[in-house]
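Accompanying notes for the structure given below.
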Amino acid sequence: MKQLSSNPTAILAWFSEFREITTNTVNELARQCAVDYRIDAALFDSSQQQCYELAWSTAELLAAEESLKAIDESADELNKRLVLVFAAEAMVSLRDRLETVRLEMGLSLDALNELMNRTEIRTFRQEVMSSEYLHSTAKMMATSPENIARLSSGSLAISDDVAMLQDMFVKFAKNTVAPHAEHIHRHDLIIPEDEILKPLREMGVFGLSIPERFGGTAPDDRDDNLTMAVVTEALSEASLGAAGSLITRPEILSRALLAGGTEQQKEKWLPQIALGDPLCGIAITEPDYGSDVASLSLKGKKVEGGWLLNGAKTWCTFAGKAGLLMVVTRTDPDKSKGHKGLSLLLAEKPSYEGHDFIYEQENGGKLTGKAIPTIGYRGMHSFDLAFEDFFIPDANVIGEEEGLGKGFYYTMSGMMGGRLQTAARASGLMRAALNTAITYAEDRKVFNKPLIDYPLTGVKLTKMAARYTASRLLTYTIARIMDGGGGRMEASLIKLFACRSAEIIAREALQIHGGMGYAEETAVSRYFVDARVLSIFEGAEETLALKVIARSLLDEAIKQ
């Protein structure tokens, strides 16, 4: 086993064979879904199961590969073990998913079976998935939980400046956010201004995605997704709803402004957003369309000097507290134009503290908002919004006249960063749930000995930590790729993988707590309900897997 532990390159070579089989399967599915060298919509929709499984295969494959690449001689034994455990589990998942797809498509399983039945792979899996190996790894975690996924080199290595920033926000989250988290959740309160929002403004958290020339802290010549991920992760470990999601909306809006705004708009809005005054909300989703952005129908009617908005939006997080809303609006009445008829309009409004509000403009326009009761993710509140002849001046159309019809593209510019941020939010939540489970397993005695002394508990904890480690390593890796100008597909893959992982880990953490885990007084119950939202917002899991990842895979296969 030591030879395998010290040489992840050998295991990585096996995954290159999984990638070859996956690529072959994608190519064949593209061929079956193509008409005249283009993916046919009807054939694509009839292959949703295959597409979904291939999207997941691609995500898990990437997580395994990047985790193995991150391990070198300087990595400690605990993290080596966790990466190997994830790799062994990923092999089984890849086999099952690829087998399902290839059977459905009538393709041979010979190469897949030969790979999985290879003696060295069977020996590797037998050793790292043994109860003894998994349980002893859990005992290692219990003695140094702070070392999980904190590698000194490889993909997770960060600069001294970023490390200092990480420490600062970890301390703030622990000392300031965490003490308020349960109260905010239990009583469905808005994030408190003086205790959390004000100090975060002073720490510059709302300007992390805004270039320095506009009052933010990001470099002028590139994005800084890594810093964004580090800070988001730290805040989310204390509370997803009370702090971890605060940066997402200003990031999406600022990226949209940077992508399409005029210089005057950038100079006006970006410095204000960086200061957190006003706070931001994003109004995209509509009651009848969900993730189908291209079909949105909230109407903007051109009038002298601006636009009148009529229609409804839903799931607009922080819309009550926000003073500025980015509203995806259909400015072209011809719905056949789909996403090409959408524009981004900035709606200004007062900030409200409660669960509902009514804002009436002097010209008679009205915006009504009501918070949606939810099982978790409390603190920011998600609102239903109704616009009635709500006036927005021409100067508040992102890109002004040149931006009309380009709202979909500007929105997507922001969503890529939002998906990475969601993966970082998931990472913070996973870490909180995992550490809570480890602590409880050490403290709780059943039949006169601690839970962690039972092999099954150790197996669960190690598998949880292995999945968390892979997710965190991949999040940091993709942040770097995005900082270099790439990563559009990878951002979707990590969002898919990390959000489901958070749900799995939170579920197991609650299970380890037994009946106490189901009580609202325990933090793990909050992690459980908060985790459930991650696979829904910023692109629902199914839409992301099918319409973004799988479609991109097939389109690229056709090009090849």
Side-chain angles (χ1 to χ4, degrees), residues 1-6 8 11 15 60 63-64 66-68 70-71 75-94 121-151 154 156 237 426-444 446 449-475 497-498 500-514 517 524 527-528 531:
M1 192 62 238
K2 287 186 177 180
Q3 183 180 0
L4 290 173
S5 298
S6 62
I11 305 165
F15 279 95
E60 291 171 340
E66 293 303 327
S67 298
L68 289 164
I71 297 296
D76 60 68
E77 180 65 18
L78 173 58
N79 281 291
K80 286 181 182 180
R81 281 178 170 237
L82 293 175
V83 167
L84 294 177
V85 169
F86 178 76
E89 286 213 289
M91 288 178 180
V92 177
S93 181
L94 285 167
I121 291 180
R122 291 172 66 91
T123 301
F124 164 71
R125 289 177 50 224
Q126 183 180 18
E127 292 181 356
V128 301
M129 298 308 292
S130 69
S131 177
E132 180 183 358
Y133 188 87
L134 295 172
H135 196 192
S136 62
T137 303
K139 290 297 187 71
M140 292 175 64
M141 288 194 297
T143 59
S144 56
E146 71 280 358
N147 290 334
I148 301 171
R150 296 198 188 281
L151 303 183
L156 201 50
E237 186 172 352
S427 182
L429 190 150
M430 280 187 265
R431 186 170 186 84
L434 177 61
N435 283 338
T436 298
I438 293 172
T439 300
Y440 188 83
E442 288 183 287
D443 295 340
R444 171 66 168 162
V446 178
K449 66 178 182 179
L451 270 175
I452 200 166
D453 286 349
Y454 291 95
L456 183 57
T457 305
V459 167
K460 284 177 175 282
L461 288 171
T462 297
K463 288 184 177 182
M464 291 159 63
R467 180 169 282 272
Y468 160 69
T469 299
S471 181
R472 191 172 193 236
L473 289 171
L474 185 56
T475 299
F497 178 79
R500 175 72 74 84
S501 296
E503 190 176 340
I504 292 170
I505 289 171
R507 188 265 181 203
E508 289 291 76
L510 188 150
Q511 188 70 23
I512 287 170
H513 280 72
V524 74
Y527 303 148
F528 179 72

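Since the model is a prediction, treat every value here as computed from it, not as a measurement. Residue numbers count from 1 along this sequence.
- For His135, the ring-ring contact (aromatic ring centres under 6.0 Å, His included) test picks out no residue, with sequence neighbours left out.
- The backbone N or O of Ala502 sits nowhere less than 3.5 Å from a side-chain atom of Tyr468 that would complete a donor-acceptor pair.
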Evaluate the criterion side-chain contact (heavy atoms from CB on, under 4.5 Å) for residue pair Phe15 and Leu94; output intermediate values, then yes/no. CA-CA 10 Å; Phe15 279 95; Leu94 285 167; 3.8 Å; yes
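- Interatomic distance, CG of Leu451 versus CD1 of Ile438, reported as 13.0 Å (0.5 Å rounding).
- Here the side chain of Thr469 pairs no donor or acceptor atom with the backbone of Val83 at under 3.5 angstrom.
- Not counting sequence neighbours, Arg444 has no partner by the side-chain hydrogen bond (donor to acceptor under 3.5 Å, both in side chains) test.
- Looking at residues two or more places apart in sequence or on another chain, you find a side-chain contact (heavy atoms from CB on, under 4.5 Å) between Ala138 and Met141, Leu461, Thr462.
- Not counting sequence neighbours, Thr475 has no partner by the side-chain hydrogen bond (donor to acceptor under 3.5 Å, both in side chains) test.
- Under the salt bridge (Lys or Arg N to Asp or Glu O under 4.0 Å) criterion, the residue pairs touching residues 450-459 are Lys139-Asp453, with sequence neighbours excluded.
- Of all the heavy atoms in Leu473 and Ala70, the pair that sits closest is CD2-CB, 3.9 Å.
- Applying the side-chain hydrogen bond (donor to acceptor under 3.5 Å, both in side chains) criterion to Ser93, with sequence neighbours excluded, gives Glu60, Arg97.
- We find the OG-CZ distance between Ser136 and Arg81 to be 4.0 Å, quoted to the nearest 0.5 Å.
- Of all heavy-atom pairs between Ala433 and Ala506, the closest is CB-CA, 4.1 Å.
- With values rounded to the nearest 0.5 angstrom, Met140 atom CE is found 5.0 Å from Leu78 atom CG.
- Residue Asn79 holds its CG atom at 9.5 Å from CZ of Arg472, rounded to the nearest 0.5 Å.
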Could you walk me through whether Ile11 and Met91 pass side-chain contact (heavy atoms from CB on, under 4.5 Å), step by step? CA-CA 11 Å; Ile11 305 165; Met91 288 178 180; 4.1 Å; yes
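- Considering only heavy atoms from C-beta on, Arg467 stays 4.5 Å or farther from Val85 through its side chain.
- Arg125 meets the salt bridge (charged side-chain N to carboxylate O under 4.0 Å, His left out) test with no other residue; sequence neighbours excluded.
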Test side-chain contact (heavy atoms from CB on, under 4.5 Å) on Leu510 and Tyr527; report intermediate values, then the result. CA-CA 9 Å; Leu510 188 150; Tyr527 303 148; over 6 Å; no
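- Residues satisfying the side-chain contact (heavy atoms from CB on, under 4.5 Å) test with Ala498, not counting sequence neighbours, are Ala423, Ala426, Met430, Ser471, Ile494.
- In this structure Ser130 satisfies the side-chain contact (heavy atoms from CB on, under 4.5 Å) test together with Glu132, Tyr133, sequence neighbours excluded.
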Going through the checks in order, is the side-chain contact (heavy atoms from CB on, under 4.5 Å) test met by Met464 and Ile512? CA-CA 11 Å; Met464 291 159 63; Ile512 287 170; 4.1 Å; yes
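- Of all non-hydrogen atoms in Ala465 and Leu82, the two that sit nearest each other are CB-CD2, 3.7 Å.
- Contacts of Glu508 classified as salt bridge (charged side-chain N to carboxylate O under 4.0 Å, His left out), with partners at least two apart in sequence or in another chain: Lys460.
- Scored by the ring-ring contact (aromatic ring centres under 6.0 Å, His included) test, Phe497 finds Phe86 as partners (sequence neighbours excluded).
- Atom CD of residue Glu66 and atom CG of residue Leu474 lie 6.5 Å apart, to the nearest 0.5 angstrom.
- Ion pairing of Arg507 with Glu503 is absent here, as no side-chain N (NZ or NE/NH1/NH2) approaches a carboxylate O to less than 4.0 Å.
- Under the rule for a side-chain hydrogen bond (donor to acceptor under 3.5 Å, both in side chains), Glu89 has no partner lying at least two apart in sequence or in another chain.
- In this structure, Val524 and Thr436 approach most closely via the heavy-atom pair CB-CG2, 4.3 Å.
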